[in-house]
2 protein chains.
Amino acid sequence: MRALAQRLGTGPASLYRYVGSRDELLDLMADAVADELDLSVASAGDWLDDLVGLARQSKAAHVRHPWLADLNDRRGEVLGPHAIDYLDHALGILAPAPGTAGQKLEVVGLLGGLAVLFARRESAATSSGDPTARAAHLAAVAAEGRHPHLLAALKTADAPPPTDRDAQFVRLLRRLLPAMLGQGEQFGQGES
Amino acid sequence: MRALAQRLGTGPASLYRYVGSRDELLDLMADAVADELDLSVASAGDWLDDLVGLARQSKAAHVRHPWLADLNDRRGEVLGPHAIDYLDHALGILAPAPGTAGQKLEVVGLLGGLAVLFARRESAATSSGDPTARAAHLAAVAAEGRHPHLLAALKTADAPPPTDRDAQFVRLLRRLLPAMLGQGEQFGQGES
DNA sequence: CTAATACTGCGAACACCGTTCGCAGTATTT
DNA sequence: AAATACTGCGAACGGTGTTCGCAGTATTAG
């Protein structure tokens, strides 16, 4: 608050003429991020493709604004107008998909959660001071001998993970989403 | 800190004779929770079953201690000794599974993240003041007419989600874990 | 053009937080 | 019995989000 006030060249007290509280401000900021998502991308004809695209946008937004992840923990996940637009859009994408309305609501929720999860994982790789030190610490612990599997894993995988994070995210969603609707057997692949 | 000191019948300053800082205390608490997990359950012979069981334990721990979820956001996810035991145990379970060591490390990480995610989802249903008010608010917004898909979804699914959260979690993992190791095609089902 | 009214910016202060300092009081060793 | 170490902790520091009340400035009314 004080920092924000300084950035605006004003005093902390002045902010409260425009927002009722810090939490309200954070809600507004979160909804502003929801507005950054582009819901107008043309449908690829396949709901899975569309939904994966939406999830990637959501993840990208969370990578752009790391503070958002620490916010979604907040009680109740208040939905601002733009967040509701997003929700409606996602449900629209899911309209041709199988599954009950309840399942679809849960899918959208899970989608958001996964976007946050992967965004955090990507951010943690960037920040999170000195991954070398962490690796060294792990190696030291493993070398004590009480953790054979960890030791073996570190021996094999000292090379940094070569897999593309984003591709992994996409693969995950493609497996996941059909499985969560239907029983996983009967879902149409949209052969346009 | 002050609250904890009061619960212990002492002053806030006294705590600092035993922990260096609040963060250090939280790390210790997190590792104490890792110690709650029972890593000695007999193997079912199938690594997938074992891993799902471990994930359920992890999720249950996070439901028991909701503050833990708000903690894992912290920088770097410091691994205490019990957390390392857990990691080694998980890698041990994954030893007979296909995939590279790097993939397995990522799987364990994802497993933890999903446990947190689902635990939060279950907790949010319990706490998160007055879900009725939230639903009413959503319904009111949907009734404005600008969100047809949301309206349709709410009309169909006004009944609370009948699906068992835990069963859903298990189904998800069973789909997910094999897909993340191997390409999803060639994974052995461990026929004892 | 003056007077009453509304709105805005914000310095000062409050309550709360994690944390530190230094001092009594108590154990432990010599 | 004296010196030394360790423990509990009141008081205070710097930080936070937030409120109060007062100046200063628009806006409206007469």
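Each chain gets a letter, A, B and so on, in the order its sequence line appears, and its residues count up from 1. Note that the structure is a prediction, hence the values are computed from the model and not measured.
B:Gln6 CD: 12 or fewer foreign heavy atoms inside a 6.0 Å radius.
In this structure A:Leu28 satisfies the side-chain contact (heavy atoms from CB on, under 4.5 Å) test together with A:Val19, sequence neighbours excluded.
Remark: P of D:dT19 and CE of A:Met1 are 11 Å apart, rounded to the nearest angstrom. Note: CZ (B:Arg2) to P (C:dC17) measures 6 Å, nearest angstrom. The distance from atom CD of B:Glu24 to atom P of C:dG18 is 15 Å, rounded to the nearest whole Å. Rounded to an integer number of Å, the gap from CG of B:Leu4 to C1' of C:dT19 is 14 Å. Taking atom CD on B:Gln6 and atom P on C:dC16, their separation rounds to 12 Å, with Å as the unit.
Ion pair A:Asp166/A:Arg171 not flagged as a salt bridge, since none of the NZ, NE, NH1 or NH2 atoms sits closer than 4.0 Å to an Asp/Glu carboxylate oxygen.
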Measure all distances between protein nitrogen or oxygen atoms and nitrogen or oxygen atoms of nucleotides 9-12 of chain C, and list the pairs falling under 3.5 Å.
from	atom 1	to	atom 2	distance (Å)
C:dG9	OP1	A:Tyr18	OH	2.9
C:dG9	OP2	A:Tyr18	OH	2.3
C:dG9	N7	A:Arg17	NE	3.1
C:dG9	O6	A:Arg17	NH2	2.6
C:dC10	OP2	A:Thr10	OG1	2.1
C:dC10	OP2	A:Ser14	OG	3.4

Begin with the C-alpha distance, continue with both residues' side-chain angles, and end with the deciding distance and a verdict on side chain to side chain donor-acceptor pair (under 3.5 Å) for B:Glu106 and A:Gln168.
-> CA-CA 10 Å; B:Glu106 300 222 23; A:Gln168 203 175 352; 3.2 Å; yes

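A:Ser40 and A:Asp38 share a donor-acceptor pair across their side chains, judged by distance under 3.5 Å alone.
The shortest heavy-atom contact between A:Trp47 and A:Pro96 is CB-CG, 4.3 Å.
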